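Within every chain, numbering begins at 1; the chains are lettered A, B, ... in the order of the sequence lines, protein sequences first and strands thereafter. Small disclaimer: the values here were computed from a predicted structure and weren't measured.
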There are 2 protein chains.
Amino acid sequence: MRRMTARPANAHQARLLRLLRDGGPNSRAELGDHVDLSRSKLAVEIDRLLETGLVVADGLAASRGGRRSHNVRLTPELRFLGVDIGATSVDVAVTNPELEILGHLNQPMDVREGPVAVFDQVLAMVAKLRDSGVAEGFDGAGIGVPGPVRFPEGVPVAPPIMPGWDGFPVREALSQELGCPVMVDNDVNLMAMGEMQAGVARTVRDFFCVKIGTGIGCGVVAGGEVHRGTTGSAGDIGHIQVESEGRQCPCGNRGCLEAYFGGAALARDAESAAREGLSAELSARLEAAGRLTAEDVAGAAAAGDGTSLDLIRDGGARVGQVIAGLVSFFNPGLVVIGGGVTGLGHTLLASIRTQVYRQSLPLATGNLPIVLGELGPAAGVTGAARLISDHLFSPA
Amino acid sequence: MRRMTARPANAHQARLLRLLRDGGPNSRAELGDHVDLSRSKLAVEIDRLLETGLVVADGLAASRGGRRSHNVRLTPELRFLGVDIGATSVDVAVTNPELEILGHLNQPMDVREGPVAVFDQVLAMVAKLRDSGVAEGFDGAGIGVPGPVRFPEGVPVAPPIMPGWDGFPVREALSQELGCPVMVDNDVNLMAMGEMQAGVARTVRDFFCVKIGTGIGCGVVAGGEVHRGTTGSAGDIGHIQVESEGRQCPCGNRGCLEAYFGGAALARDAESAAREGLSAELSARLEAAGRLTAEDVAGAAAAGDGTSLDLIRDGGARVGQVIAGLVSFFNPGLVVIGGGVTGLGHTLLASIRTQVYRQSLPLATGNLPIVLGELGPAAGVTGAARLISDHLFSPA
DNA sequence: AGGGCTTTGTCCATTGCATGGAAAAAGTCG
DNA sequence: CGACTTTTTCCATGCAATGGACAAAGCCCT
């Protein structure tokens with residue numbers, strides 16, 4: 001099947017494409033209400049978009065009191081691929097032009113096996129999705145990796161938890177394999193973009209998105225744009241110190257946030273608690289599985305286990321302590337909590353909120369919502385699709 | 001004298017004005033190398049700027065191997081006023097169109113006396129500068145205040161250390177008095193803009209600027225733009241917690257950074273040390289003056305007083321601890337340290353550096369300069385002039 | 001059904017933006 | 001002095017964008 005080749009020729013066309021993508025109106029008349037252009041000029045640009053094949057006519061709109069307007073829509077055959085590589089699993093999804101997910105696969109995986117093995121697995125998952133019929137090919141792909149990325153080149157740099165990936169040309173390699181444009185970013189940045197596209201952050205321009213998975217990271221959005229920092233490592237908050245002379249962290253320092261909370265720390269603390277006999281619930285689960293995970297703690301907490309609840313509350317307080325400082329610094333309009341451990345839910349959220357509202361200045365927290373992400377595992381892949389679509393829907 | 005009335009008519013003209021302001025070339029030919037325009041179009045835009053009176057012809061440039069180019073420059077009579085209101089003093093300065101300071105006054109003052117009294121003092125200082133002949137009138141004024149500002153309206157909001165200023169229409173009032181356009185911002189933001197205009201941050205797009213005066217604040221610049229946050233309180237880092245269950249802070253919390261360092265905390269700690277007889281040097285100074293200030297500590301440290309050096313080192317470590325976290329979060333390309341206590345100089349700087357380089361991730365600190373501001377008290381007023389000049393040199 | 005009103009889409013003349021080429025003006029250098 | 005370079009102006013041309021006129025297509029009311 002022939003894929004998308006054309007790109008918008010100017011800013012107006014890019015604007016129109018994004019409006020159509022983001023659930024704006026799709027009648028020519030209403031589009032005119034959103035782009036500051038005369039009706040004549042608008043007609044010209046839409047006609048050109050029709051010529052490129054990026055949009056197609058789509059019948060007539062309901063009347064607004066006069067002649068009915070012609071509808072247009074993004075060519076429905078467009079397909080974007082979103083890939084979200086985590087520390088221990090991969091998500092792959094296919095979206096339609098409106099970035100709605102048509103098919104989604106998740107598989108366990110270990111990034112430490114290196115780029116070649118991971119790519120094989122990702123390509124197999126892509127093939128499976130293709131076979132399921134949701135796509136015959138892709139017009140673009142976005143991919144997130146759990147570490148810093150030199151964004152313009154799409155190459156991971158010095159990723160602590162991804163040995164073997166340093167300098168691997170992810171963008172180039174995936175583009176070769178898929179035969180379409182590819183963009184690469186940090187996984188937390190994509191989560192933030194996902195929540196901005198289709199989740200809780202749709203109307204906010206300054207926010208951050210704390211992702212608590214195996215480790216802890218944070219996507220930073222300033223003025224509607226992802227802030228990546230000078231070397232692409234912005235948002236790397238897992239090793240902020242929360243306790244001087246505190247616990248030893250694998251990174252070499254002491255008292256890091258990740259030494260106290262995150263999937264890894266939580267599992268470890270739960271296992272010690274179980275071994276010390278502090279919780280019958282956790283001990284039973286440890287007995288059954290041989291090891292404990294964050295999900296076990298979540299389950300035990302849901303069953304009313306006090307030790308698990310304490311672990312979650314303590315962890316939330318640590319995270320809240322860090323977030324409180326960042327809120328004072330950044331003054332966001334929203335804080336989103338997401339990632340694997342959102343299963344810990346409202347116990348965690350309450351603990352974070354308490355800490356932030358107590359520690360930050362009233363002016364910064366006065367009207368500051370702190371909420372769980374809406375999209376769960378779909379956030380990353382949606383953000384990945386948004387990343388490449390933003391790229392393709394911008395002037396060539 | 002007639003003041004500037006015209007504004008650039010389009011983005012090209014604005015671009016040209018800023019190039020001329022920021023020490024770019026001023027021959028027509030070289031300007032052409034910097035703006036992506038044909039020579040014909042460039043000539044048209046420059047001619048229009050000449051008509052508006054914003055720029056004037058200025059002789060011929062040296063030859064670059066052929067016909068000599070005509071020079072242009074910003075109308076040299078343009079004058080900007082920069083006002084920097086601190087907690088305990090005011091700076092007022094007049095700049096030429098290139099934002100170079102032509103006259104500068106500093107006077108002690110207490111913001112707590114309220115806007116009316118402070119305005120009287122500022123206007124008297126302005127009159128004095130005017131009488132000195134550096135300006136007959138002003139084409140625009142920028143003013144910084146030590147607290148959060150609702151930027152579009154130019155109104156302080158809920159400023160903790162400025163009772164009586166909440167909601168006071170600073171922009172409106174000053175504009176009335178001076179008869180020219182006025183922009184208002186937080187003082188640390190202006191310091192950051194100042195260092196970006198004429199100081200150490202000239203070539204950096206992501207950085208922050210920590211101002212340690214009576215209190216501690218931070219100007220945040222992302223992508224070359226000041227980040228003000230949702231309510232204008234971004235950079236308010238003085239009350240980030242550095243010690244759980246730590247010292248009581250006037251803000252109501254415990255363990256805030258400002259409870260440990262900053263002009264106020266340093267003076268207080270020095271006085272206790274003196275009373276406890278820990279330092280002969282400090283005791284002597286306390287005896288002499290009846291109280292101690294940050295300058296006394298700086299002086300004692302310069303004289304080799306161990307207690308003072310310890311106070312500075314401890315404080316620097318606290319500040320460094322906070323900055324380390326913010327560096328991980330924001331991944332800046334530069335950190336600037338400024339404000340009143342820069343007299344503490346390299347002892348402070350070394351202590352901050354040690355802490356940051358030890359605590360932040362290598363990728364974020366690998367090539368991260370941490371330096372003292374270059375401009376000292378001129379940073380704020382230069383930033384204020386830049387603020388209003390950016391405003392006036394943008395399309396009407 | 002018909003007439004008046006509204007909305008939408010197209011056509012067209014006009015204006016302004018911007019380009020690139022030609023030619024003139026003003027230099028340098030051997 | 002002549003060949004070459006750089007800068008500036010001039011001009012024809014093409015594209016961008018507007019707004020007005022008008023036709024098409026709808027609504028609603030009588």
Chemist: What is the distance, rounded to the nearest whole Å, between atom CZ of B:R64 and atom C1' of C:dC29?
Modeler: 18 Å
Chemist: Quick one: label B:S69 by what it contacts on the DNA or RNA (base, sugar-phosphate, nothing), any heavy atom closer than 4.0 Å.
Modeler: sugar-phosphate
Chemist: Tell me, for nucleotides 20-30 of chain D in 5' to 3' order, what letter each nucleotide earns: B for a base near a protein heavy atom under 4.0 Å, S for only sugar-phosphate near one, - for neither?
Modeler: B--BBBBS---
Chemist: Does B:D36 come within less than 4.0 Å of B:R15, counting only side-chain N to carboxylate O?
Modeler: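 Answer for the salt bridge query: no.
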Chemist: So, A:D22 and A:R202, do they make that salt bridge, N to O below 4.0 Å?
Modeler: no
Chemist: Is the shortest distance from a Lys or Arg side-chain nitrogen in A:E45 or A:R48 to a carboxylate oxygen in the other one below 4.0 Å?
Modeler: yes
Chemist: Quickly work out the A:L42 CG to D:dT18 P distance and round it to whole Å.
Modeler: 10 Å
Chemist: How many whole angstroms separate atom CG of B:L50 from atom C1' of D:dT9?
Modeler: 15 Å
Chemist: How many Å lie between NZ on B:K41 and C1' on D:dC15, as a whole number?
Modeler: 13 Å
Chemist: Decide, yes or no, whether a salt bridge links B:D33 with B:R64 under the criterion of side-chain N to carboxylate O below 4.0 Å.
Modeler: yes
Chemist: Could you check how far CG of B:D36 sits from P of C:dG20, rounded to whole Å?
Modeler: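 Those two atoms, CG and P, are 9 Å apart.
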Chemist: Report the residue from B:L387, B:L174, B:I388 that forms a side-chain contact (heavy atoms from CB on, under 4.5 Å) with B:V182.
Modeler: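 Among the candidates, only B:L174 passes.
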Chemist: Salt bridge between B:E195 and B:R386, side-chain N to carboxylate O under 4.0 Å?
Modeler: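 The answer is no: the pair does not qualify as a salt bridge.
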Chemist: Looking at A:D206 and B:R228, is any side-chain nitrogen of the basic one under 4.0 Å from a carboxylate oxygen of the acidic one?
Modeler: no
Chemist: Within the 3.5 Å criterion, strictly below it, is a donor on A:S389 or A:R21 matched to an acceptor on the partner's side chain?
Modeler: yes
Chemist: Atom CG of A:D33 to atom C1' of C:dT7: distance rounded to whole Å?
Modeler: 11 Å
Chemist: Surrounding CG of A:N367 (heavy atoms of other residues, nucleotides or ligands, distance under 6.0 Å), is the total greater than 12?
Modeler: no
Chemist: Where along residues 9-32 of chain B does a heavy atom fall under 4.0 Å from DNA chain D?
Modeler: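 Only B:R28, B:A29 qualify.
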Chemist: Could you state the CD1-C1' distance from A:I46 to C:dG9, rounded to the nearest angstrom?
Modeler: 11 Å
